[in-house]
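Not measured: the values here are computed from a predicted model.
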Amino acid sequence: MFKHIILSLALLPAAQSASAADIQTTVLAGGCFWCIESDFEKLQGVQDVVSGYTGGTTANPTYETLKGSGHYEAVEITYDADIVAYEQLLFAFFRSVDPTDAGGQFCDRGESYRTAVFVSNPAERAAAEAAKAAAQRDLGQRIVTSILDAATFYDAEDYHQDYHSKNPLRYNYYRRGCGRDARLEKLWGAAAH
């Protein structure tokens, strides 16, 4: 019994010092969700990125019903805030899109490809506004990315999830052909994400 008490006491400090991770989610719309999903899955502290639809009026949208629904192609990012701060995600986001383009992103045109940050509380709104202002200062151009209240997020169809890793040749052909990286480099230079 004495041995069990010693063992329990030896484990106590480790158990007390270990804390639960600060797991958060955020939703960002940056044009084609395949590309945003791919970019953000590479960031340290990001645990999961899910492609989907949000911000519109149609319940349970699909890729086929997206046009005219008001929904954005977006991603829901689950991250450990102890490793990557919300502000870091916003910095990376603005530098992974063309936030000056109100008509879509790169070769993808239309309302579903607009950029937006969906916020859940006043602190997120303040951080998003600050990130937008910083991006505008850095670019010296007007930023048109919307900052909107969070809305229901609908997962996209399975074939859209992790498209970049399931279909790397098609994904890379699309990304290159759409001119995404070339435009980001021209717009942001070395700061492009």
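Heavy atoms of other residues, nucleotides or ligands lying less than 6.0 angstrom from CD of Gln44 number 12 at most. For CD of Glu185, the number of neighbouring non-hydrogen atoms (other residues, nucleotides, ligands) closer than 6.0 Å is 12 at most.
When atom types are taken as modelled, the side chain of His160 and the backbone of Gly52 share no donor-acceptor pair closer than 3.5 angstrom. Formation of a donor-acceptor pair under 3.5 Å by the Thr54 side chain with backbone atoms of Thr152 is found in this model. For Thr62 (side chain) and Thr65 (main-chain N/O), a donor-acceptor pair under 3.5 Å exists by modelled atom type.
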Side-chain polar contacts of residues 173-181 - donor-acceptor pairs under 3.5 angstrom, sequence neighbours left out - could you list them?
from	atom 1	to	atom 2	distance (Å)
Tyr174	OH	Asp108	OD2	2.2
Arg175	NE	Asp181	OD1	3.0
Arg175	NE	Asp181	OD2	3.1
Arg175	NH1	Asp39	OD1	3.1
Arg175	NH1	Tyr171	OH	2.7
Arg175	NH2	Asp39	OD1	3.2
Arg175	NH2	Asp39	OD2	3.4
Arg175	NH2	Asp181	OD1	2.9
Arg180	NH2	Gly30	O	3.0
Arg180	NH2	Ser96	O	3.1

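Here the straight-line distance linking atom OG of Ser112 with atom OH of Tyr63 works out to 7.5 Å at 0.5 Å rounding. Atom OG1 of Thr145 and atom NZ of Lys132 lie 6.5 Å apart (nearest 0.5 Å). Distance CD/Glu111 to OG/Ser69: 6.5 Å, rounded to 0.5 Å.
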Report task. Show your reasoning for whether side-chain hydrogen bond (donor to acceptor under 3.5 Å, both in side chains) applies to Thr78 and Gln47. Result -> CA-CA 5 Å; Thr78 302; Gln47 296 185 337; over 6 Å; no
Query raised in the report: Going through the distances and angles, do Val46 and Ile83 end up as a side-chain contact (heavy atoms from CB on, under 4.5 Å)?
Result: CA-CA 8 Å; Val46 170; Ile83 298 172; over 6 Å; no
Requested in this report: Take Leu90 and Val117, measure what side-chain contact (heavy atoms from CB on, under 4.5 Å) needs, and give me the verdict at the end.
Outcome: CA-CA 8 Å; Leu90 293 172; Val117 177; 3.8 Å; yes
Report task. List the steps and the verdict of side-chain contact (heavy atoms from CB on, under 4.5 Å) for Ile23 and Tyr79. Result -> CA-CA 6 Å; Ile23 305 303; Tyr79 64 99; over 6 Å; no
Requested in this report: Evaluate side-chain hydrogen bond (donor to acceptor under 3.5 Å, both in side chains) for Gln24 paired with Asp22, printing each intermediate quantity in order.
Outcome: CA-CA 6 Å; Gln24 303 288 327; Asp22 185 7; 2.6 Å; yes
Query raised in the report: Checking side-chain contact (heavy atoms from CB on, under 4.5 Å) for the pair His164/Glu41: CA distance, chi angles, key distance, verdict?
Result: CA-CA 11 Å; His164 62 283; Glu41 283 185 348; 3.0 Å; yes
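Between Arg125 and Asp149, at least one side-chain N (NZ, or NE/NH1/NH2) sits under 4.0 Å from a carboxylate O, which counts as a salt bridge.
A 4.5 Å side-chain heavy-atom check between Ile147 and Glu129 finds at least one atom pair inside the cut-off. You'll find the side chain of Thr100 reaches within 4.5 Å of the side chain of Leu139, heavy atoms only. Here the side chains of Val144 and Arg142 are in contact, with some heavy-atom distance below 4.5 Å. At least one side-chain heavy atom of Glu73 sits less than 4.5 Å from a side-chain heavy atom of Leu66. Residues Gln88 and Leu43 have side chains not in contact (no heavy-atom distance under 4.5 Å, counting atoms from C-beta outward).
In terms of heavy-atom proximity, Phe118 sits nearest to Ala29 at CE1-CB, 4.1 Å. Of all heavy-atom pairs spanning Tyr154 and Ala59, the tightest one is OH-CA, 3.6 Å. The two residues Leu187 and Gln141 come nearest to each other via the heavy atoms CD1-NE2, 3.9 Å. Of all heavy-atom pairs between Phe106 and Asp98, the closest is CZ-N, 3.8 Å. Here the closest non-hydrogen pair linking Asp158 and Lys166 is O-NZ, 2.8 Å. Minimum heavy-atom separation, Thr115 to Pro99: OG1-CA, 4.4 Å.
Ring pair Tyr53/Phe153: centre-to-centre distance not below 6.0 Å. Note: Phe93 and His193 fail the aromatic proximity criterion, with ring centroids not under 6.0 Å apart. When ring centroids are compared, Tyr72 and Tyr113 stay outside the 6.0 Å threshold.
Hydrophobic clustering (side-chain heavy atoms under 4.5 Å, transitive across Ile, Leu, Val, Met, Phe, Trp, Tyr) groups Ile143 together with Val97. Side-chain heavy atoms closer than 4.5 Å link hydrophobic residues (I, L, V, M, F, W, Y) into clusters, and following such links, even through other members, never connects Val27 to Val84. Follow the hydrophobic side-chain contacts under 4.5 Å out from Leu148 and you never reach Leu89; the two are in separate clusters. Two different hydrophobic clusters hold Ile36 and Val50 under the rule that ILVMFWY side chains link at heavy-atom gaps under 4.5 Å.
Annotation: side-chain contact (heavy atoms from CB on, under 4.5 Å) contacts of Glu124 (sequence neighbours excluded): Tyr86, Val119, Ser120, Asn121.
No donor-acceptor contact under 3.5 angstrom links the side chains of Glu76 and Thr25, judged on distance only.
Screening Arg114, Arg183, Arg109 against Asp101 for a side-chain hydrogen bond (donor to acceptor under 3.5 Å, both in side chains) leaves a single residue, Arg109.
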